[in-house]
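Accompanying notes for the structure given below.
All of these numbers come straight from a predicted model, not from anything done at the bench. Just so it is clear: chains get the letters A, B, ... in the order the sequence lines come, proteins before strands, and each one is counted from 1.
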Amino acid sequence: MSFEEFQNRARLFVVGALEPDEMAEFENARREFGEKAEAFISECYSLSEAFALSLKPAKASDQIN
Amino acid sequence: MPSGAPSDLELMEGIQREDPEALSHLYDRYNGILKALILRVIHNEAEADDLLQEIFMEIWNQAKNFSAQRGKPLGWMVTLARRRAIDGLRKKQAYARAEESLQQETEQQPEAWVHNSTEEEILDGDRRVLIRRVIGVLPPAQQQAIELAFFRGMSQREIAAKTNTPLGTVKTRLELGLKKIYDGLKELRDEL
């Protein structure tokens with residue numbers, strides 16, 4: 001798997017859209033690319049943050065119990 | 001965030017030291033966003049409130065597993081909240097109601113995720129507007145695929161079945177859409 005393919009898979013991974021048969025390949029590539037892979041995955045979590053931040057905040061219950 | 005206020009990372013470190021004030025600050029800062037995320041998944045106000053409480057308890061209990069080297073606190077919390085909400089959706093009978101609600105949304109407002117803000121809301125949330133702008137340039141089919149994956153926890157195969165679209169097309173839509181959003185967010189980074 002090229003690093004570009006890994007990047008595509010990583011973006012699917014952080015939004016939970018990798019199929020089970022893609023997961024094993026992804027994990028192998030993740031090990032192969034090492035720190036570079038981990039750094040990219042960390043950056044990809046900006047996608048999850050953005051999807052949450054794209055929503056209008058809801059009114060929650062008054063306090064944490 | 002007001003100047004002088006603790007950063008998200010400082011609050012997470014506080015929670016790791018079992019400082020309840022840190023959790024309280026984090027709750028004040030993010031309960032609205034996390035509840036919106038939960039509501040987007042389960043469409044039930046009371047269940048969302050219950051789940052929100054459980055999620056902040058989990059943040060407290062699992063904080064020791066958070067590592068700043070692997071991402072920001074908000075990304076970690078969103079991942080945790082999304083997983084819990086989707087688990088809840090699958091377990092509870094709310095699934096059927098949410099499915100019905102999603103069906104109506106998809107039929108009536110396929111772009112509701114992005115285009116449901118009023119002018120007042122737009123003035124109220126610059127960051128949200130900027131993010132929505134990035135998402136909003138995607139073709140509706142790509143937005144829909146991402147929404148079904150992220151907010152519904154659907155697999156590529158489930159999305160293909162639900163939208164009556166070939167699996168390869170769903171995969172391409174997700175990959176292209178996510179790459180465009182990722183690239184757009186990188187450009188926005190200085191503004192957010």
- Item | B/Gln156 vs A/Glu22, side chain to side chain donor-acceptor pair (under 3.5 Å): CA-CA, chis, key distance, verdict | CA-CA 11 Å; B/Gln156 294 173 36; A/Glu22 295 174 321; 3.0 Å; yes

- Run the numbers on A/Glu19 and B/Arg157 for side chain to side chain contact (heavy atoms under 4.5 Å, CB included), then give the verdict. CA-CA 8 Å; A/Glu19 293 290 294; B/Arg157 283 186 173 80; 2.5 Å; yes

- Kindly indicate, with the supporting measurements, whether the criterion side chain to side chain contact (heavy atoms under 4.5 Å, CB included) is fulfilled by A/Leu55 and B/Ile33. CA-CA 7 Å; A/Leu55 303 172; B/Ile33 288 169; over 6 Å; no

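A/Pro57 has its side chain within reach of B/Arg128: a pair of non-hydrogen atoms, C-beta onward, lies under 4.5 Å apart. Within the 4.5 Å cutoff, no side-chain heavy atoms of B/Leu37 are placed close to those of A/Phe51. Looking at B/Leu178 and A/Leu12, their side chains come closer than 4.5 Å, going by heavy atoms from C-beta outward.
For B/Glu45 against A/Lys59, the heavy-atom pair with the smallest separation is OE2-O, 3.9 Å. Shortest non-hydrogen contact noted between B/Tyr182 and A/Leu47 is N-CD2, 3.8 Å. The two residues B/Arg82 and A/Gly16 come nearest to each other via the heavy atoms NH2-CA, 4.0 Å. The minimum heavy-atom distance linking B/Val78 with A/Ser48 is given by the pair CG1-O, 3.5 Å. Smallest separation of non-hydrogen atoms from A/Ser42 and B/Gly71: OG-N, 3.9 Å.
From A/Arg11, atom CZ reaches atom CD1 of B/Ile146 across 10.5 Å, with rounding to the nearest 0.5 Å. We find the CD1-OG distance between B/Ile131 and A/Ser54 to be 7.0 Å, quoted to the nearest 0.5 Å. Between B/Leu74 atom CG and A/Leu53 atom CG the span is 5.5 Å, to the nearest 0.5 Å.
More than 12 heavy-atom neighbours from other residues, nucleotides or ligands sit within 6.0 angstrom of CD on B/Glu54. For B/Lys72, the NZ atom is loosely surrounded, since the number of other residues' heavy atoms within 6.0 Å does not exceed 12.
With B/Arg70 contributing its side chain and A/Ala39 its backbone, the two residues share no donor-acceptor pair below 3.5 Å.
Interface remark: A/Glu43 contributes backbone and side-chain atoms alike to the contact with chain B (heavy atom separation under 4.5 Å).
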